[in-house]
Every structure is written in C-alpha cells, then in structure tokens.
Amino acid sequence: MKLGCADFTWPLLPHRDALSLIHLLGFQGVDLGMFFQRSHLRPEIVQEDISYWAGLVIERLEQAQLEVADLYFAPSMDLTTRGVNNPDLTEVEAGHEMFLNVLDFARRIQAPGITMNSGVDYGDESRSQSLSRSASELARRVDAAGQHGIEIRVEGAVGSNTDTPETLGELMEQTPGLRVTLDYSHFIYQGIQESEVDDLIEYTGHFQCRGAAPGIMQAR
C-alpha cells in the first residue's frame, strides 16, 4: 500500500512548501488538485503552456521526493458549468477540451489517474437520464486517457448524480473502464452504512481516507 496526501490540504501555503510538508510528514505520493480558479495548479492557466507547467511540476516533485498518486480535475467553480452531463452540448465540449489539456499535462507528469465529478442532475430529469449522459461523456474520456495508460476516476459525492453507492455502481456498470476514487465520508455523512459502500471497492482505483460521521463531512 502506498500512502499519499493532497496538496490542496494546505491551500494557503506556496505550492513548493505544501509539497515539502507532505514529504516531511512521511508520505510518498501526492494528489494534485487542478481546480478552476482555486488551487495551486489551475487548469485554465496550465493549458496556456502545458509543457512549461509540466516541467515546473516535475521539478517540484523531484525536489520534494514525491510521486503523483492522482490528479483531481474540476473544470469550473460549480458542478454544472462544463459538466460532463450538461444538457447543453457546447458546455460538454468546452469541458472536454479542457479535459484534453489536463490529460496532456497528466501524461507529461506521469500521473496514473485523473479524478473528476460524475455529473449532476439537471432540472426535473430522472436519475437514469442523468447517469446515461454522464456515461456517454465519461466513456469518451476513458478511451482518450486509456491511450496513455491513465485511469479516469469519478468520486461519488454529495450534490452529484452518484451520491449513493447504488447510483455510483450503476454508472460503473454503464461505463466499462471507468474507476472510482472512493471516499466513504460522502456516504457516511448521509447516514449510509459502511457495509453498503463496500461493494464499490471492486471498482476502486484510488482511495481517499478521512474521518466522518452522520451530518459531519470531515471529523476528527
């Protein structure tokens, strides 16, 4: 088992310092956040010069003696803009274009996987409709990333269309090759029992660990 820590755990530290701290805490890996307008590495900035940013990040990782465990990609400040299952195809294509740039960056820094949101429910549509559109776009991303040996992973999360183990499992069945970044806290928060989440382990490519309790997303 390899243990890592997310650089977005310390958003107020300069990026080099955050990576150094992760190393000093004894971790070998790092989850790099790429959140639109709100992380050390921002997709809208990195895509302007992918080669430069990849070289810079590789240098930082080598100095901190860390390897990339995951790249967490969020293309907007909310879950709807550029969402994978947005009913507006121009939004989907805008998100896909940004994803391809992030994929190029991930390839250059040898990230094993990219985690992203599975999508949300739009309007009064059924959950099945929502998941079907998610599966369609995510399958396209799985194919693109697979050419470079990179996993595409989604996180079942509160506010998404995979906020229960059942819906996340359904998306996995509809999207061959898709993997899960499993974070029990999103389910425990809702009062779902751990045993109900365990079936998702077979789909899991990456695991996030933190304390949680019913009504408390992050607990000591």
Side-chain angles (χ1 to χ4, degrees), residues 1-13 18 21-22 25-27 29-40 69-86 113-135 138 152-175 178-220:
M1 180 185 294
K2 294 183 178 181
L3 299 179
C5 184
D7 64 350
F8 45 92
T9 303
W10 294 280
L12 299 182
L13 285 180
L21 179 54
I22 290 171
L25 289 171
F27 294 106
V30 58
D31 285 13
L32 296 173
M34 290 191 74
F35 306 144
F36 186 82
Q37 294 187 347
R38 56 190 173 93
S39 57
H40 295 104
D70 185 63
L71 193 63
Y72 202 126
F73 168 52
S76 65
M77 290 289 286
D78 55 66
L79 298 180
T80 58
T81 305
R82 290 184 285 275
V84 297
N85 68 331
N86 197 306
I114 302 173
T115 294
M116 60 192 71
N117 185 265
S118 63
V120 298
D121 296 327
Y122 290 85
D124 58 357
E125 68 181 353
S126 68
R127 179 56 61 90
S128 62
Q129 290 175 311
S130 176
L131 291 174
S132 178
R133 285 202 312 276
S134 291
L138 288 168
I152 296 301
R153 306 160 176 168
V154 293
E155 181 183 36
V158 173
S160 75
N161 60 357
T162 53
D163 54 0
T164 66
E166 292 76 18
T167 52
L168 184 51
E170 184 177 341
L171 180 61
M172 293 298 108
E173 292 177 359
Q174 292 184 34
T175 321
L178 185 64
R179 303 293 285 168
V180 169
T181 289
L182 187 57
D183 184 346
Y184 275 67
S185 65
H186 282 275
F187 304 115
I188 301 302
Y189 170 82
Q190 301 175 73
I192 298 171
Q193 298 298 310
E194 290 183 29
S195 59
E196 299 178 58
V197 186
D198 291 341
D199 287 344
L200 293 170
I201 292 175
E202 66 174 294
Y203 301 111
T204 298
H206 191 59
F207 190 86
Q208 295 178 341
C209 182
R210 56 179 172 171
I216 304 175
M217 181 68 75
Q218 187 158 302
R220 293 181 179 180

Undergrad: Holding to side-chain contact (heavy atoms from CB on, under 4.5 Å), I want the full list of residues that pass it with T164, two or more places apart in sequence or in another chain.
TA: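 In terms of side-chain contact (heavy atoms from CB on, under 4.5 Å), with neighbours along the sequence ignored, T164 is linked to E166, T167.
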
Undergrad: Between A69 and D31, what is the shortest heavy-atom contact and its length?
TA: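 Closest approach of A69 to D31: CB-OD1, 3.4 Å.
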
Undergrad: Distance only, no hydrogens: is a donor on one side chain within 3.5 Å (strictly under) of an acceptor on the other, for S134 and N161?
TA: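 Looking only at side-chain atoms, N161 and S134 do form a donor-acceptor pair, the distance falling under 3.5 Å.
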
Undergrad: Side chains of L3 and F27: closer than 4.5 Å at any heavy-atom pair?
TA: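 Touching, per the 4.5 Å side-chain cut-off.
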
Undergrad: So which heavy atom on L79 is nearest to which on G159, and how close?
TA: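 Shortest heavy-atom contact: CD1-O, 3.8 Å.
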
Undergrad: In Å, rounded to the nearest 0.5 Å, how long is the span from CZ of F35 to OH of Y72?
TA: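 The distance works out to 6.5 Å.
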
Undergrad: Suppose the criterion is salt bridge (Lys or Arg N to Asp or Glu O under 4.0 Å): which pairs have a residue in residues 124-134, not counting sequence neighbours?
TA: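 Output for this query lists D121-R127, E125-R133, R127-D163.
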
Undergrad: Can you tell if the side chain of V154 reaches within under 4.5 Å of the side chain of L138, non-hydrogen atoms only?
TA: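 Side chain of V154 against side chain of L138, heavy atoms only: contact under 4.5 Å found.
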
Undergrad: Any donor-acceptor pair under 3.5 Å linking the side chain of H40 with the backbone of A18?
TA: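 The answer is no, because no donor-acceptor pair under 3.5 Å joins these two groups.
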
Undergrad: List the residues meeting side-chain contact (heavy atoms from CB on, under 4.5 Å) with S185, not counting sequence neighbours, and say none if there are none.
TA: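 Testing S185 for side-chain contact (heavy atoms from CB on, under 4.5 Å), a comparison that skips the adjacent residues, returns D183, R210, A212, M217.
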
Undergrad: List, one per line, each side-chain donor-acceptor pair under 3.5 Å for residues 193-201, sequence neighbours excluded.
TA:
unit_1	atom_1	unit_2	atom_2	d
E196	OE2	Q193	N	3.3
D198	OD1	Y184	OH	2.5

Undergrad: If you round to the nearest 0.5 Å, how far is CE of M116 from CG of L178?
TA: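 CE of M116 is found 8.5 Å from CG of L178.
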
Undergrad: Using only atom types and a distance under 3.5 Å, with no angle test, would you say the side chain of T175 pairs donor to acceptor with the backbone of M172?
TA: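 Side chain of T175 to backbone of M172: no pair is present.
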
Undergrad: Of all heavy-atom pairs between T81 and S76, which one has the smallest distance, and what is that distance?
TA: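 Shortest heavy-atom contact: O-OG, 2.9 Å.
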
Undergrad: A side-chain contact here means heavy atoms from C-beta on lying under 4.5 Å apart; do P214 and Y189 qualify?
TA: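 Side chain of P214 against side chain of Y189, heavy atoms only: no contact under 4.5 Å found.
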
Undergrad: Does the side-chain contact (heavy atoms from CB on, under 4.5 Å) test come out yes or no for R153 and D70, once each step is laid out?
TA: CA-CA 9 Å; R153 306 160 176 168; D70 185 63; 2.8 Å; yes

Undergrad: Please enumerate all residues that pass ring-ring contact (aromatic ring centres under 6.0 Å, His included) together with Y203, with sequence neighbours excluded.
TA: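 Partners of Y203 by the ring-ring contact (aromatic ring centres under 6.0 Å, His included) criterion come out as none, since no residue qualifies.
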
Undergrad: Could you list the residues that satisfy side chain to side chain donor-acceptor pair (under 3.5 Å) with Q190, not counting sequence neighbours?
TA: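 Listed in chain order: nothing, the list is empty.
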
Undergrad: Decide yes or no on side-chain contact (heavy atoms from CB on, under 4.5 Å) for E155 and H206, but give the supporting numbers first.
TA: CA-CA 10 Å; E155 181 183 36; H206 191 59; over 6 Å; no

Undergrad: I need the minimum non-hydrogen distance between I114 and F73, along with the two atoms involved.
TA: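 Result for this residue pair: CG2-CB, 3.9 Å.
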
Undergrad: Could you check if a side-chain atom of N86 sits within less than 4.5 angstrom of a side-chain atom of Y122, using non-hydrogen atoms only?
TA: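 Touching, per the 4.5 Å side-chain cut-off.
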
Undergrad: Less than 6.0 angstrom from the centroid, inside 45 degrees of the normal: does R82 satisfy that with respect to the ring of F36?
TA: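 Because its charged atom sits under 6.0 Å from the ring centre and within 45° of the axis, R82 does stack over F36.
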
Undergrad: If we only count heavy atoms from C-beta on, is the L182 to F187 side-chain gap below 4.5 Å?
TA: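 The answer is yes, as the side chains (C-beta and beyond) meet within the 4.5 Å cut-off.
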
Undergrad: Side-chain contact, heavy-atom cut-off 4.5 Å: L131 with T162?
TA: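 The answer is yes; the side chains approach within 4.5 Å.
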
Undergrad: Going by heavy atoms in the side chains, are V84 and S118 under 4.5 Å from each other?
TA: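 No, their side chains stay 4.5 Å or more apart.
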
Undergrad: Measure the shortest side-chain to side-chain distance between S126 and Q129 over non-hydrogen atoms and say whether it is less than 4.5 angstrom.
TA: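 The answer is yes; the side chains approach within 4.5 Å.
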
Undergrad: Quick one: pull up NE2 in H186 and OG in S160 and give me the separation to the nearest 0.5 Å.
TA: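 Interatomic distance, H186 NE2 to S160 OG, rounded to 0.5 Å: 8.0 Å.
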
Undergrad: Going through the checks in order, is the side-chain contact (heavy atoms from CB on, under 4.5 Å) test met by W10 and L21?
TA: CA-CA 9 Å; W10 294 280; L21 179 54; 3.5 Å; yes

Undergrad: To the nearest 0.5 Å, what is the distance between OG1 (T204) and CG (L168)?
TA: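 With rounding to 0.5 Å, OG1 (T204) is 8.0 Å from CG (L168).
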
